[in-house]
Protein chains: 2
Amino acid sequence: MAKPPHSIPDSELDVLKVLWDRGRATVREVLQTLREAGHVGNKDGKPWSYATVATLLDRLETKKVVESDRADQAFTYRPIVSVKDVQRRRVESLVDKLYQGEPGLLVLHLLKSHPLDPHQAEEVRALLEEMREEPASKPPEDAPRSPSDPSP
Amino acid sequence: MAKPPHSIPDSELDVLKVLWDRGRATVREVLQTLREAGHVGNKDGKPWSYATVATLLDRLETKKVVESDRADQAFTYRPIVSVKDVQRRRVESLVDKLYQGEPGLLVLHLLKSHPLDPHQAEEVRALLEEMREEPASKPPEDAPRSPSDPSP
DNA sequence: ACGCCCGGACGACACTTGTCTTAGGATACA
DNA sequence: TGTATCCTAAGACAAGTGTCGTCCGGGCGT
């Protein structure tokens, strides 16, 4: 049991993203960062309160998504799951639920309905060429499931 | 205000999928279909009860995702949002939340970490070629936003 | 020594989701 | 006519989310 199947709701994801960005932060730092970034938390467009951020970090910690250590006087939190882990899980779930478990269908849908800029299009083409030759290549990307490895 | 921002949770999505498949159905038909398909509803692996399906259809209706009409003695439900609408919303939200609003990043991620079978890879290549020549082609796919149009 | 402010611990509260039970009206069948 | 069926309506209830208010102990500036 590497990963408890806890889900990471949107609000928690917002604070988690801050941690991913800066590596680690205290409650107040997260709050500050979000405000500067013009984060719109609650439905009234009012920014979150300190308590809200604290709660979210707390919940993330009980879910084993972040860790805290008592540095100065304030706790400092840092993520213990990587962006990629979360992305993978979300994508997999989306593919399972709406694309019959076929990632290819999602790719097609994306290309058709969401224009991608030429640079990225080129990158995609290149990647495909590469894969054509070496079909079974597994960049460490797809390891069988390590609990997480944001900073090993 | 074309689309109320109601979200469609997983359980509701499961019944909605049945409606997409068969066009329309009563509560019991949905239930039947799910059971035949070996649907695993609740966490104990026990199939849903009639009431559960009814509730879900009800909630979908208040969310304006399906419509019901009293046909025989039982209500018949049918979807009023298309698969594509739901897919688009989910994908957009995913891209916004985890890929900086860049669909290209998601495409890259998909290609790298989720192997796609050669047939689809070919299809993708073809699509890309096509787009290379005619970059601004818009199959009716991308209409500016009609509230939904599965059967107007 | 005295307030003050910061940071943390608790817990509260409304709404959404996941799942059902049950009461009550029709229907259909013996 | 009674009874087994099927359907809808209503509501219940525990967990998970979204968002705080608040009380409390420690430092710190004066």
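Proteins get letters first, then strands, A, B, ... in listed order; numbering begins at 1 in each.
We find that CG of B:L16 is positioned 13 Å from P of C:dG18, with the value rounded to whole Å. For B:K46 and C:dG18, the NZ to C1' distance is 12 Å, given to the nearest whole Å. Taking atom NE2 on B:H39 and atom C1' on C:dT19, their separation rounds to 12 Å, with Å as the unit. To the nearest angstrom, C1' of C:dG25 lies 11 Å from CZ of B:R70. For the pair B:D58 CG and C:dT19 C1', the interatomic distance rounds to 14 Å; values are reported in whole Å. Atom CG of B:L57 is separated from atom P of C:dT19 by 15 Å (rounded to the nearest Å). Rounded to an integer number of Å, the gap from CD of A:E61 to P of C:dG8 is 11 Å.
Residues passing the side chain to side chain contact (heavy atoms under 4.5 Å, CB included) test with B:L98, sequence neighbours excluded: A:L13, A:W20, A:V86, A:Q87, A:R90, B:L94. Take B:T52 and apply the side-chain hydrogen bond (donor to acceptor under 3.5 Å, both in side chains) test, not counting sequence neighbours, and it matches B:S49. In this view, B:D21 satisfies the side chain to side chain contact (heavy atoms under 4.5 Å, CB included) rule with no residue, not counting sequence neighbours. Every salt bridge (charged side-chain N to carboxylate O under 4.0 Å, His left out) that B:D69 has, sequence neighbours left out, goes to B:R78. With sequence neighbours excluded, the residues forming a ring pair (Phe, Tyr, Trp, His ring centres under 6.0 Å) with A:Y99 are A:H109, listed by chain and number. Every residue two or more places apart in sequence or in another chain was checked for a side-chain hydrogen bond (donor to acceptor under 3.5 Å, both in side chains) with A:E92, and none qualifies.
For the salt bridge (Lys or Arg N to Asp or Glu O under 4.0 Å) condition, the pairs that include at least one residue of residues 7-18 of chain B, sequence neighbours left out, are A:K97-B:D10, B:E12-B:K63.
Contact record, A:P103 with B:L110: CB-CD2, 4.1 Å, taken as the closest heavy-atom pair. B:P79 and B:L16 make their closest contact through CB-CD1, 4.0 Å (heavy atoms, listed as atom of the first residue, atom of the second, distance).
The side chain of A:T52 contributes an N or O atom lying less than 4.0 Å from OP1 or OP2 of D:dC20. Contact annotation: A:Y50 side-chain N/O to D:dT19 OP1/OP2 distance is not under 4.0 Å.
Within residues 18-38 of chain A, the residues approached by DNA chain C to less than 4.0 Å at the level of any non-hydrogen atom are A:V27, A:R28, in residue-number order.
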Please tabulate the protein-to-nucleotide N/O contacts below 3.5 Å involving nucleotides 28-30 of chain C, giving atom names and distances.
none

Which protein N or O atoms sit under 3.5 Å from an N or O of nucleotides 12-17 of chain C?
{"from": "C:dT17", "atom 1": "OP1", "to": "B:S7", "atom 2": "OG", "distance (Å)": "2.5"}
{"from": "C:dT17", "atom 1": "OP2", "to": "B:K63", "atom 2": "NZ", "distance (Å)": "3.2"}

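Side-chain atoms of A:R125 come within 3.5 Å of backbone N or O of B:L128 as a donor-acceptor pair. Remark: the backbone N or O of A:H119 is paired with a side-chain donor or acceptor of A:D117 at under 3.5 angstrom.
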Do any side-chain atoms of residues 27-35 of chain A form donor-acceptor pairs under 3.5 angstrom with protein atoms, and if so which ones, sequence neighbours left out?
{"from": "A:E29", "atom 1": "OE1", "to": "A:T26", "atom 2": "N", "distance (Å)": "2.8"}
{"from": "A:T33", "atom 1": "OG1", "to": "A:R22", "atom 2": "NE", "distance (Å)": "3.3"}
{"from": "A:T33", "atom 1": "OG1", "to": "A:E29", "atom 2": "O", "distance (Å)": "2.8"}
{"from": "A:R35", "atom 1": "NH2", "to": "A:W48", "atom 2": "O", "distance (Å)": "2.8"}

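Counting non-hydrogen atoms under 4.0 angstrom, B:A74 reaches the backbone sugars and phosphates but no base.
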**Request:** Test side-chain contact (heavy atoms from CB on, under 4.5 Å) on B:L57 and B:V15 and set out the steps.
**Result:** CA-CA 7 Å; B:L57 280 168; B:V15 337; 3.7 Å; yes
**Prompt:** side-chain contact (heavy atoms from CB on, under 4.5 Å) between A:Y77 and A:E67: does it pass, once the steps are laid out?
**Reply:** CA-CA 6 Å; A:Y77 295 82; A:E67 261 178 11; over 6 Å; no
**B/S/- contact track for nucleotides 25-30 of chain D, protein heavy atom under 4.0 Å** = ------
